[in-house]
Amino acid sequence: MTRTDRYIRIDTGDGTYSLLDRELDEAMHSRSGAYDEALRKHVLPSRALEVPRATARVLDIGFGLGYNILALICERALRAPSLRLEIVTIERDAEIFPHLADVRFGDDRDAVYDNIRTLANRGIADGPGYTAILRLGDARQTIRHVDGAPFDAVFLDPYSPAKNPELWTVDFFLLLRALVSDEAIITTYSSAPQVREALCEAGFRVGPGPSVGGKREGTLATVSGPIPKLTAEALELLRDDPRSTPYRDPGLHSTREMIRAGRRDEMRSRRAVKKDRQAP
Ligand SMILES: C[S@@+](CC[C@H](N)C(=O)[O-])C[C@H]1O[C@@H](n2cnc3c(N)ncnc32)[C@H](O)[C@@H]1O
């Protein structure tokens, strides 16, 4: 595939490279450090490397430059060399893949990254202790055909909820719920109340995820796995604030604008109900 100018390179604080998606005007990673974010926002809090079995199954939503998977594979070698990883990753946009050719770390990660390129080019790759499969297409559809469930961890890493709402809806999270074990931990960088509420409606408990690079905390979600609790203030926001109105996408094929408009309408009704309740 030839390179388009939709993506331009940006350098981040830990010396690793990211891409700016010019169509959405959004960077793929935190400017403080792309690899560092993959490790500290996803790999470590997911506890994927602590699974008390011979194999851990990990689902990665939004392959991008493949840093989340890279960090997972590199950390396995350091922390859990006898654990086997079965990884499934989903990406919609193959226009990203030519940009993987530019990624260099100047250390041991380069050898593993060669395999991440193979994964992007062939849809499958394996190495010491892991196999990985990439499914190309809109995650709302491709996720219905993934093998490997139940997953022990999910890296939920689309663009921001406002720009990429189709992967932050109650309906998409219900698909995830059907694919994960009860102990599985879902990791994401977003702490938006509408995301947390959508996860709760889909049957998960939510808690705070680590804050990396001076950014706001993220979110962890699980049915019964070990995650920290939300503060009373954060819980109150979920219970009572119309800003926690979630995105919905009942047929799983709505446009982004339809999903955003649906939330605006529902939020308006919630505000009206709240105002009536408060009226003397
Ligand atoms: C923030 S970037 C992911 C960064 C990536 N996890 C990494 O480690 O480099 C978000 C990714 O989600 C993908 N994406 C957005 N909407 C999608 C959809 N509906 N289905 C599948 N992938 C999607 C984008 O193309 C983009 O590559």
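As the structure lists them, so they are numbered: ligands from 1, and atoms in each ligand from 1. Please read these numbers as outputs of a predicted model, since none were measured by experiment.
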### Message
Within ligand 1, which atoms have a heavy atom of Phe63 less than 4.0 Å away?
### Response
5 (C), 6 (N), 7 (C), 8 (O), 9 (O)
### Task
Would you mind checking which non-hydrogen protein atom is closest to atom 4 (C) of ligand 1, with the distance to 0.1 Å?
Asp157 OD2, 3.5 Å
### Query
So which protein heavy atom does atom 27 (O) of ligand 1 come closest to, and at what separation?
Glu91 OE1, 2.6 Å
### Task
Assess Phe155 for proximity to ligand 1: is some non-hydrogen atom of it under 4.0 Å away?
no
### Query
Tell me, do Ile73 and Ile87 make a side-chain contact under 4.5 Å, heavy atoms counted?
yes
### Query
To which protein heavy atom is atom 1 (C) of ligand 1 closest, and what is the distance rounded to 0.1 Å?
Met28 O, 3.1 Å
### Query
Is there a side-chain contact between Leu230 and Leu238 (heavy atoms, below 4.5 Å)?
yes
### Query
Where on Glu166 is there a heavy atom closer than 4.0 Å to ligand 1, on the side chain, on the backbone, on both, or on neither?
side chain
### Backbone of Arg256 reached by a side-chain donor or acceptor of Glu166 within 3.5 Å
no
### Task
Could you list which atoms of ligand 1 come closer than 4.0 Å to a heavy atom of Gly137?
20 (N), 21 (C)
### Nearest-neighbour protein heavy atom for atom 22 (N) of ligand 1, which is reported as residue plus atom name and distance
Arg92 N, 3.2 Å
### Query
Counting only heavy atoms, which portion of Ala139 has something under 4.0 Å from ligand 1: side chain, backbone, both, or neither?
both
### Query
Purely on distance, is any nitrogen or oxygen of Asn68 under 3.5 Å from one on ligand 1?
yes
### Exam field: side chain Arg248 to backbone Gly262, donor-acceptor pair closer than 3.5 Å
no
### Message
Does the residue Ala38 have a heavy-atom contact with ligand 1, meaning some pair of atoms that are separated by less than 4.0 Å?
### Response
no
### Query
Quick one: does Arg76's side chain have a donor or acceptor within less than 3.5 Å of a partner on Pro128's backbone?
yes
### Query
Should the heavy atoms of other residues, nucleotides or ligands under 6.0 Å from NZ of Lys274 be counted, would the total exceed 12?
yes
#### Entry: Verdict with reasoning, Leu252 to Asp138, per side-chain contact (heavy atoms from CB on, under 4.5 Å)
CA-CA 10 Å; Leu252 289 156; Asp138 187 330; over 6 Å; no
### Query
Is there a heavy atom of Ala27 sitting under 4.0 angstrom from any atom of ligand 1?
no
### Query
Backbone, side chain, both or neither: what part of Ile96 comes under 4.0 angstrom of ligand 1, heavy atoms only?
side chain
### Query
When you look at Asp182 and Arg177, which way does the salt bridge (charged side-chain N to carboxylate O under 4.0 Å, His left out) test go after all the steps?
CA-CA 9 Å; Asp182 285 358; Arg177 174 66 193 96; 2.9 Å; yes
### Task
Report the C-alpha distance between Leu65 and Leu70 in whole Å, list the side-chain angles of each, state the deciding distance to 0.1 Å, and finish with yes or no for side-chain contact (heavy atoms from CB on, under 4.5 Å).
CA-CA 9 Å; Leu65 286 171; Leu70 173 72; over 6 Å; no
#### Entry: Shortest protein contact, atom 12 (O) of ligand 1 (heavy atom only)
Gly62 CA, 3.4 Å
### Message
Working note: Arg277 + Asp240, criterion salt bridge (charged side-chain N to carboxylate O under 4.0 Å, His left out); need CA distance, chi angles, decisive distance, verdict.
### Response
CA-CA 12 Å; Arg277 270 206 321 257; Asp240 200 40; 3.4 Å; yes
### Query
Does a side-chain N-to-carboxylate-O contact under 4.0 Å join Glu37 and Lys41?
no
### Proximity flag His29 to ligand 1, non-hydrogen atoms under 4.0 Å
yes
### Summary
In ligand 1, the atoms that come under 4.0 Å of a heavy atom of Leu65 are 7 (C), 9 (O)
### Message
Are the side chains of Arg140 and Thr169 in contact, using a 4.5 Å heavy-atom criterion?
### Response
no
### Query
So which protein heavy atom does atom 17 (C) of ligand 1 come closest to, and at what separation?
Leu167 CD1, 3.5 Å
#### Entry: atom 16 (N) of ligand 1 - nearest protein heavy atom and its distance
Asn164 ND2, 3.1 Å
### Message
I want to know if ligand 1 touches Asp138 in the polar sense, i.e. an N/O pair below 3.5 angstrom.
### Response
yes
